[in-house]
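One structure is given here, and the rest of the page talks about it.
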Amino acid sequence: MPSSGAIRTRYAPSPTGPQHIGGIRSALFAWLYARRHGGQFILRIEDTDRKRSVPGSVEMILAAFDWLGLDIDEGPHIGGPYAPYTQSERLELYRAAAERLVESGCAYKCFATAEELAEMRKAGGGYDRRYRDMPAAEAANLEARGQPYVIRFKMPLTGATVGEDMIRGEIRFENNKLQDAVLLKSDGYPTYHLAHIVDDHHMRISHITRAVEWLPSFPLHIQLWEALGWAKPQFAHLPVLLNPNGKGKLSKRKMKFADAAGQRVPVLVHEFSEAGYLPAAVINFLTNIGWNYGDNEEIFSVAQAIERFDLQAVNPANSAYPIAKLDWLNSQYIQRAPVAELCRLLRPILEASGYAVDAERLNRVAPLLQVRLKSLNDVVAMAGFFFADYESFQAPPADILIQRKMDGAGTAEVLRGAIPELERLDDFSHEAQHAAMLDYAKASGYRNGQVFGSLRAAVSGQKVSPPTFETMEILGKDESLRRIKLALASLADAGR
RNA sequence: GGCCCCUUCGUCUAGCGGCCUAGGAUGCCACCCUUUCAAGGUGGAGACACGGGUUCGAGUCCCGUAGGGGCUACCA
């Protein structure tokens, strides 16, 4: 059992499908705070809206945490001292709390029908509290007749509720602007408002972290904690991620395909792995939005973040989703990854594209790719040809072959002249090739870059490729020369 | 409409009254290096939303305006 002073944070998602990166960022902040203070991080499933529950969601949530390397101390999958961790299994607790509030006069049964509610809405304001002061006998009578009801909280009609937020400080709400919120629905399920308080209390949560959209109901929650007579935890309302253009909350629907440049932007956690991002890069990326490691250090590990993380230092402002920075960070992480690790990550991607991956070859190719990959997935386009059947190689079209400041005739001349020079080499190492091509370039009257660039395109078929001579070394002399000749043919076909 | 939150380069941010002629990163541009790509190096353009206060002094504190975001469900 944790001592009363233990730091305990939680992530409490609704099981409504794939995990959204915004939710995960909130979870990450809660997780970092718990780890920073040697506390516990709890996962709780808030499935009190039966209509919105999607089967398989819990597995997706767990997979997201697993991929990112965020460990969970207590949760529905592993249990814990305050189990169960799924709200639909804790209904009695909520019912008891609601009844206690009714008995103490802090809540009441409301028999308003859907039609009544609709009329009130049409009339302007919200619920007009028409059942708030109904005599107990009358209410008992309605109940006895089987009239369905909800339990509503009796919000104070006067005064103000002041909340303390770790990020923003004091926030003041006038009570007369607030409503009598539903605590227990007519199906016996609690609303979020009641359920999270009951659970956070029983689970000894010390810090409630949640997105800013919960700020408007903060006063309701404060009043509820007090009505229940429980000691309040600390609160931190986290800023949220906005769409890349800064307009509106980052949304699933809109973002799956859109950004300013019309490029696809990952929003769901599984899309990040699918897009070839490294989990460590994603964590670094997320941690740097709304919080920063400090002193101009952009790249840092989770362990480093844990050392310094503080909820009070979180920036209160929402942020546009700076997705371009993730590409840069990801390339940095790829550059720094050990070759063995990179191979391990690249292999399944190549295999998924249908390539048979030879371990030794991958080992030679991977280091050549490190400074060139933005995404792990780039390996397919950039280096797939190393693993393909050589027979299937297609000579690139002229526009790929002809480099900047070159024309078709010049390219053909350069390639044609290089053939005998390469053919002559007994040692086909990239060093030997380099030396030979340097001499050749000088003699040919073309610049090094013009010669090397033409060769790059000829043997790789690409404008961006691994280093040319290493590529040729791996392909071997015969295959390299074959490709140069194919390139010449391609140029001839194009009439250059 | 009402209520709440927010506001520094395009974007992510540093700044918690003098250290700011506002720093870093990304993106963009230029140059250098180079196996004309990529990476790397150097440099450049680029911001305190506006208006009032408070103060010897405000990006930093207060008020207002504007803009942005959110809530306003028997959803969370």
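Naming: A, B, ... by sequence-line order, numbering from 1 per chain.
- Between B:rC16 and B:rC62, the distance separating the two P atoms is 16 Å to the nearest Å.
- Contacts of residues 172-194 of chain A with RNA chain B (heavy atom under 4.0 Å): A:R172, A:F173, A:K177, A:V182, A:K185, A:S186, A:P190, A:T191, A:Y192.
- Separating the C1' atom of B:rU60 from that of B:rG69 is a span of 23 Å, rounded to the nearest Å.
- Within 4.0 Å (heavy atoms only), A:W214 reaches at least one base atom of the nucleic acid.
- Residue contacts shown for A:A457 are absent, as no nucleic acid heavy atom lies under 4.0 Å away.
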Protein-nucleotides 66-69 of chain B N/O pairs under 3.5 Å:
residue : atom : partner : partner atom : Å
B:rG69  : OP1  : A:G248  : N            : 3.4
B:rG69  : O2'  : A:N318  : ND2          : 3.1

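- For RNA chain B, none of the residues of residues 84-95 of chain A falls under the heavy-atom distance limit of 4.0 Å.
- One interatomic measurement links the two molecules: CD1 of A:I222 to P of B:rC4, which rounds to 14 Å at whole-angstrom precision.
- The aromatic ring centroids of A:F29 and A:W291 lie 6.0 Å or more from each other.
- Looking at the side chain of A:A320, the nearest of the listed nucleotides B:rU26, B:rU35, B:rC12 is B:rC12.
- Between A:Y192 and A:H196, the ring planes are parallel. Angles under 30° get that label, and only those over 60° would be called perpendicular.
- Spacing between B:rA22 and B:rC9 at atom P, rounded to whole Å, works out to 14 Å.
- Nucleotides B:rG24 and B:rG44, compared at atom P, are 10 Å apart to the nearest Å.
- Between the CD atom of A:E470 and the C1' atom of B:rU34 there is a distance of 13 Å, rounded to whole Å.
- Residue A:S319 is classed as a sugar-phosphate contact, given heavy-atom separations below 4.0 Å to backbone atoms only.
- On the C1' atoms, B:rC3 is 38 Å away from B:rG23, given to the nearest whole Å.
- For A:A317, the side-chain atoms get nearest to B:rC6 when compared with the rest of B:rC75, B:rC6, B:rU13.
- When both distances must be under 3.5 Å, the Watson-Crick or G-U wobble mate of B:rC37 does not exist.
- A:M437 comes within 4.0 angstrom of nothing in the nucleic acid, heavy atoms only.
- Among the atoms of the strands shown, base atoms are found under 4.0 Å from some heavy atom of A:P467.
- Between A:Q403 and A:I167, it is A:I167 whose nearest contact on RNA chain B lies nearer the 5' terminus.
- Across B:rC5 and B:rG41, the matching P atoms stand 44 Å from one another, rounded to whole Å.
- When both pairing distances are held under 3.5 Å, B:rG1 makes a Watson-Crick or G-U pair with B:rU72.
- Across B:rA25, B:rC71, B:rC5, the shortest atom-to-atom separation from the side chain of A:I171 is found for B:rC5.
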Could you run down the sub-3.5 Å N/O contacts of the protein with nucleotides 38-47 of chain B?
residue : atom : partner : partner atom : Å
B:rA38  : O2'  : A:V371  : O            : 2.5
B:rA39  : OP1  : A:K374  : NZ           : 3.3
B:rA39  : O4'  : A:V371  : O            : 3.2
B:rA39  : O3'  : A:Q335  : NE2          : 3.3
B:rA39  : O2'  : A:Q335  : OE1          : 3.4
B:rG40  : OP1  : A:Q332  : NE2          : 3.1

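- The salt bridge (charged side-chain N to carboxylate O under 4.0 Å, His left out) search around A:D378 returns none, not counting sequence neighbours.
- Remark: A:K122 pairs with no residue by the salt bridge (charged side-chain N to carboxylate O under 4.0 Å, His left out) rule, at least two apart or across chains.
- Base pairing annotation: B:rU26 forms a Watson-Crick or G-U wobble pair with B:rG10, both donor-acceptor distances under 3.5 Å.
- Side-chain proximity of A:K325 to the nucleotides B:rU35, B:rA76, B:rC12 is greatest for B:rC12.
- For A:R129, the side-chain hydrogen bond (donor to acceptor under 3.5 Å, both in side chains) test picks out A:D180, with sequence neighbours left out.
- Listed nucleotides B:rA76, B:rC74, B:rU35 differ in distance to A:V150; the shortest reach to its side chain belongs to B:rC74.
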Candidate pair A:L241 and A:R25, rule side-chain contact (heavy atoms from CB on, under 4.5 Å), full reasoning: CA-CA 9 Å; A:L241 263 22; A:R25 190 186 63 134; 3.7 Å; yes

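- Listed by chain and residue number, nothing satisfies the side-chain hydrogen bond (donor to acceptor under 3.5 Å, both in side chains) test with A:H201 (two or more places apart in sequence, or in another chain).
- Between A:V102 and A:R100, the closest side-chain pair of non-hydrogen atoms is not below 4.5 Å.
- Every side-chain hydrogen bond (donor to acceptor under 3.5 Å, both in side chains) that A:D199 has, sequence neighbours left out, goes to A:Q87, A:R90, A:Y94.
- Under 4.0 angstrom from either OP1 or OP2 of B:rA14 there lies at least one side-chain N or O belonging to A:N292.
- Comparing the same atom, C1', in B:rC50 and in B:rU7 gives a spacing of 12 Å after rounding to whole Å.
- The separation between A:I323 atom CD1 and B:rA25 atom P is 21 Å, rounded to whole Å.
- Summarising the local packing, CZ of A:R447 is surrounded by 12 or fewer heavy atoms from other residues, nucleotides or ligands at distances under 6.0 Å.
- Applying the salt bridge (charged side-chain N to carboxylate O under 4.0 Å, His left out) test to A:R52 and every residue at least two apart in sequence or in another chain returns A:D49.
- The line from CD1 of A:I42 to OG1 of A:T9 is 6.5 Å long, rounded to the nearest 0.5 Å.
- Within the structure, every side-chain polar atom (N or O) of A:T16 is placed at least 4.0 Å from both OP1 and OP2 of B:rC75.
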Identify every side-chain donor-acceptor pair in residues 213-220 of chain A under 3.5 Å, counting partners at least two apart or on other chains, and give the distances.
residue : atom : partner : partner atom : Å
A:E213  : OE2  : A:K249  : NZ           : 3.3
A:S217  : OG   : A:W214  : O            : 3.1
A:S217  : OG   : A:H221  : NE2          : 3.2

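- Taking atom P on both B:rC28 and B:rA39, the two are 10 Å apart, rounded to the nearest angstrom.
- Of the residues A:Y108, A:Y131, A:F111, the one that meets the ring pair (Phe, Tyr, Trp, His ring centres under 6.0 Å) test with A:Y149 is A:F111.
- For B:rG64, the paired base is B:rC50 (Watson-Crick or G-U wobble, both distances below 3.5 Å).
- Ring planes of A:Y277 and A:F272: tilted class, angle from 30 to 60°.
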Residues A:Y293, A:E298; criterion side chain to side chain donor-acceptor pair (under 3.5 Å); working and verdict: CA-CA 7 Å; A:Y293 183 66; A:E298 303 284 329; over 6 Å; no

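- As judged by a 4.0 angstrom heavy-atom cut-off over every strand, A:T48 is placed among residues touching the sugar-phosphate backbone only.
- Partners of A:E423 under the salt bridge (charged side-chain N to carboxylate O under 4.0 Å, His left out) rule, at least two apart in sequence or in another chain, are A:K485.
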